[in-house]
There are 2 protein chains.
Amino acid sequence: MSPDASTTAADRAYDELVTGQQDQPGRARGPYRKSSERRRQIIASAISLFATRGVDGSSLRTLGEAIGVSHSALRHYFASRDELLVEVYRAHEHTISDGGAQPPLGPVSTMIAGARRNRSIPGLVRLYATLTTDALQEQHPATRTYVRERFRSLRAQLEGQIREAQRQGTVAEEIDAADAAALVIAASDGLQIQWLLDPEEVDVGSALSLLARILPEQGA
Amino acid sequence: MSPDASTTAADRAYDELVTGQQDQPGRARGPYRKSSERRRQIIASAISLFATRGVDGSSLRTLGEAIGVSHSALRHYFASRDELLVEVYRAHEHTISDGGAQPPLGPVSTMIAGARRNRSIPGLVRLYATLTTDALQEQHPATRTYVRERFRSLRAQLEGQIREAQRQGTVAEEIDAADAAALVIAASDGLQIQWLLDPEEVDVGSALSLLARILPEQGA
DNA sequence: GTCTATACAGGGATAGAC
DNA sequence: GTCTATCCCTGTATAGAC
C-alpha cells in the first residue's frame with residue numbers, strides 16, 4: 001500500500017467517472033450529485049460492518065439488511081461491490097491525510113512512514129491489494145481507472161520529489177526519476193504483500209530503507 | 001511475477017498440502033496419489049480453454065461442459081477453483097524452467113530476465129497477481145500456503161546469491177541479504193502490476209535495473 | 001430518484017449413486 | 001474412487017413500483 005498522498009488527480013478522474021460529469025465551476029454547488037449524503041451513510045455502515053465481520057464476510061445482502069434495505073438499493077448508489085470498496089478505502093485514506101500536516105520527507109522516508117502506519121491496519125492493506133488486482137481484470141473498468149490514476153498521480157508526485165533532490169545534488173543525475181518513482185512504489189506495495197503473508201519473515205521498513213542507497217535523503 | 005526459479009520447497013509443501021501426505025521414500029512410487037492422470041487432463045483442458053475464453057470467462061461449469069462432466073467432478077480433483085489456477089500457473093512455470101539451462105545470473109539480472117519473458121504472457125502475470133492477493137484472504141488457506149512457501153523459497157534462493165556476492169566483494173557487507181532479497185522480489189512483482197495497468201508509462205526492466213546500484217553484478 | 005422483486009450465473013458444499 | 005444432483009450464498013442485471 002502506498003502512503004497518504006493527496007491523490008487529487010485520481011480523485012477527480014474517479015469522481016468524473018462515477019458521477020459522469022466533470023466538476024466544473026458553474027454548477028459546483030447545488031444538488032448536481034445524487035445523494036452523496038446517502039452514499040456516505042452506506043459507506044459508514046460498510047466500514048463498521050467490515051470492522052466486525054471482516055470484508056470477506058460482508059456481502060451486499062448482509063450490509064443491506066443491516067441498513068434496512070435490499071441489496072439492490074446499494075447497487076443504485078454503487079455500480080459494483082468494488083466501487084463500494086474503493087470508497088471505503090478512500091474514506092480511510094482521507095482520514096489519515098486529515099490527521100495533521102505531513103512533514104516534507106523524502107520519497108523513501110515517506111513510503112516507510114506509510115508502511116509503518118499500515119502495520120496497525122492489515123485489513124486495509126489487504127483491501128488495497130485486492131482492489132489493485134481486481135483492477136487488472138477486464139471486468140472491473142471503474143476499479144481499473146481509479147487504481148491506474150492513483151498510481152499515476154503517486155508516481156508523478158514522487159518523480160517531482162526526486163527531480164528536486166537531483167537539482168539539489170542529493171540524488172545522482174543519471175537516475176531516471178520516473179523509473180525510480182515507480183520502483184519505490186512497487187517495492188512498498190510488494191513488500192507489504194510479502195509481510196501480510198509472512199509477518200515474522202519480512203520487515204518492510206528495513207527492506208525499504210535499502211532504497212536510500214539509490215535515493216539518499218538528508219535526514220538519513 | 002517472479003522468475004522461473006525451481007521452487008522445490010514450495011512444490012513439496014504444496015504437494016503435501018494437496019495430497020495430505022508427505023512424499024516420503026518407501027511409498028514414493030505406487031498409486032499413492034489419486035489419479036494424477038485425470039488431474040493433468042483437466043489442467044490441460046483448462047489451459048486451452050483459458051487461452052481462448054480467458055481466465056475470467058472460464059467458469060468451472062464451462063470447463064466441465066467442455067470436458068463432458070459436471071462442475072462437481074472438477075471439485076473432486078481440485079478443492080477449489082483457486083487450486084486449479086495454481087496448478088495452471090505451476091504448469092506454465094515448469095514449461096519455462098524446462099526450456100534450457102539457466103545461465104547463472106545475479107539476482108537483479110535474473111528478475112529482469114523473468115520480467116522480459118513475462119511481457120509476452122500478460123495473462124499469466126495477471127493470474128499470478130490474482131493468486132497472490134487471493135492468498136491474503138482467509139478463505140483460501142491452500143492458496144495462502146502455496147504462495148507463502150513460494151515467496152519463502154524465492155527469498156532463500158536470492159538471499160543465497162546475495163550472500164555469495166558479498167563473499168566475493170561485489171555487494172557491500174552492510175546490506176542485509178534477507179532484506180535485499182525481499183526487496184528485489186517485491187520490486188519485480190509491484191512493477192509488473194503497474195506495467196499491466198499502464199504499459200506505456202512503466203518500464204519494468206529499466207526500473208529494476210536501478211537495483212543494480214544496491215546489488216552490483218559483474219555482468220552489469 | 002429511490003428502491004423492491006426477481007432471475008441468472010458463479011463458486012462452494014453436501015448427499016448419495018455406482 | 002469417481003461423479004451427478006441439488007442446494008446455498010454470492011455479485012450482477014433487468015423490470016418495474018412509487
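Numbers restart at 1 for each chain; the letters A, B, ... are given by sequence-line order, proteins then strands.
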Short side-chain N/O contact from A/Y77 to OP1 or OP2 of C/dC3, under 4.0 Å
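Indeed, a polar side-chain atom of A/Y77 lies that close.
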Could you check whether A/R39 pairs with A/E87 (Lys NZ or Arg NE/NH1/NH2 to Asp/Glu carboxylate O, under 4.0 Å)?
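Yes, charged N to carboxylate O under 4.0 Å.
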Output yes when B/E93 and B/R90 qualify as a salt bridge under the 4.0 Å nitrogen-oxygen rule, no when they do not.
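Salt bridge flag = no for B/R90 with B/E93.
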Find the distance [X]:[atom1] to [N]:[atom2] and express it as a whole number of Å.
| X | N | atom1 | atom2 | answer |
| --- | --- | --- | --- | --- |
| A/H140 | C/dG10 | NE2 | P | 14 Å |
| A/D82 | D/dT10 | CG | P | 17 Å |
| B/L74 | D/dT4 | CG | P | 9 Å |
| B/E37 | D/dT2 | CD | P | 12 Å |
| B/H76 | C/dA13 | NE2 | P | 15 Å |
| B/F78 | C/dG12 | CZ | C1' | 16 Å |
| B/E65 | C/dA9 | CD | C1' | 13 Å |
| A/L84 | D/dT10 | CG | P | 15 Å |

Looking at five pairs on each end of the helix from C/dG1-D/dC18 to C/dC18-D/dG1, what is the angle between the two axes, given to 10 degrees?
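About 10° separates the two local helix axes.
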Can you list, in residue-number order, the parts of residues 40-64 of chain B that come under 4.0 Å of DNA chain C, counting heavy atoms only?
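Residues of residues 40-64 of chain B under 4.0 Å from DNA chain C: B/S59, B/L60, B/R61.
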In residues 132-139 of chain A, which ones come under 4.0 Å of DNA chain C, going by heavy atoms?
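Nothing qualifies; none.
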Please determine, for the side chain of A/A73, which listed nucleotide (C/dT4, C/dG12, D/dC3) has the closest atom?
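Of the candidates, C/dT4 comes closest.
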Output the distance between atom CG (B/L154) and atom CG (B/D189), rounded to the nearest 0.5 Å.
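Answer rounded to 0.5 Å: 8.5 Å.
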Spacing of A/F50 atom CZ and A/I43 atom CD1 [to the nearest 0.5 Å]
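Reported value, rounded in 0.5 Å steps: 10.5 Å.
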Determine, stepwise, if the pair A/T143 / A/D134 fulfils side chain to side chain donor-acceptor pair (under 3.5 Å).
CA-CA 7 Å; A/T143 310; A/D134 280 357; 5.9 Å; no
Report yes if some heavy atom in the side chain of [X] is under 4.5 Å from a heavy atom in the side chain of [Y]; otherwise report no.
| X | Y | result |
| --- | --- | --- |
| A/F151 | B/L197 | yes |
| A/R126 | B/E138 | yes |
| B/S72 | B/R75 | no |
| A/I67 | A/R38 | yes |

Identified side-chain contact (heavy atoms from CB on, under 4.5 Å) partner of B/Y128 from the options B/V125, B/T132, B/L131:
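Only match with B/Y128 under side-chain contact (heavy atoms from CB on, under 4.5 Å): B/T132.
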Contacts of type salt bridge (Lys or Arg N to Asp or Glu O under 4.0 Å), residue B/D176, not counting sequence neighbours
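None.
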A/Q194 side chain to B/A182 main-chain N or O, any donor-acceptor pair under 3.5 Å?
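At least one qualifying donor-acceptor pair exists.
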Would you give a per-nucleotide map of nucleotides 13-18 of chain D, 5' to 3', where B means the base has a protein non-hydrogen atom under 4.0 Å away, S means only the sugar-phosphate does, and - means neither?
B-----
Under 3.5 Å, is there a donor on one side chain and an acceptor on the other for A/Q192 and A/S188?
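The answer is yes; a qualifying pair exists.
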Distance-only donor-acceptor hits, side chain of residues 202-211 of chain A, under 3.5 Å, sequence neighbours excluded:
{"from": "A/D203", "atom 1": "OD1", "to": "A/G205", "atom 2": "N", "distance (Å)": "3.2"}
{"from": "A/D203", "atom 1": "OD1", "to": "A/S206", "atom 2": "N", "distance (Å)": "3.0"}
{"from": "A/S206", "atom 1": "OG", "to": "B/D179", "atom 2": "OD2", "distance (Å)": "2.1"}
{"from": "A/S209", "atom 1": "OG", "to": "A/S206", "atom 2": "O", "distance (Å)": "2.6"}

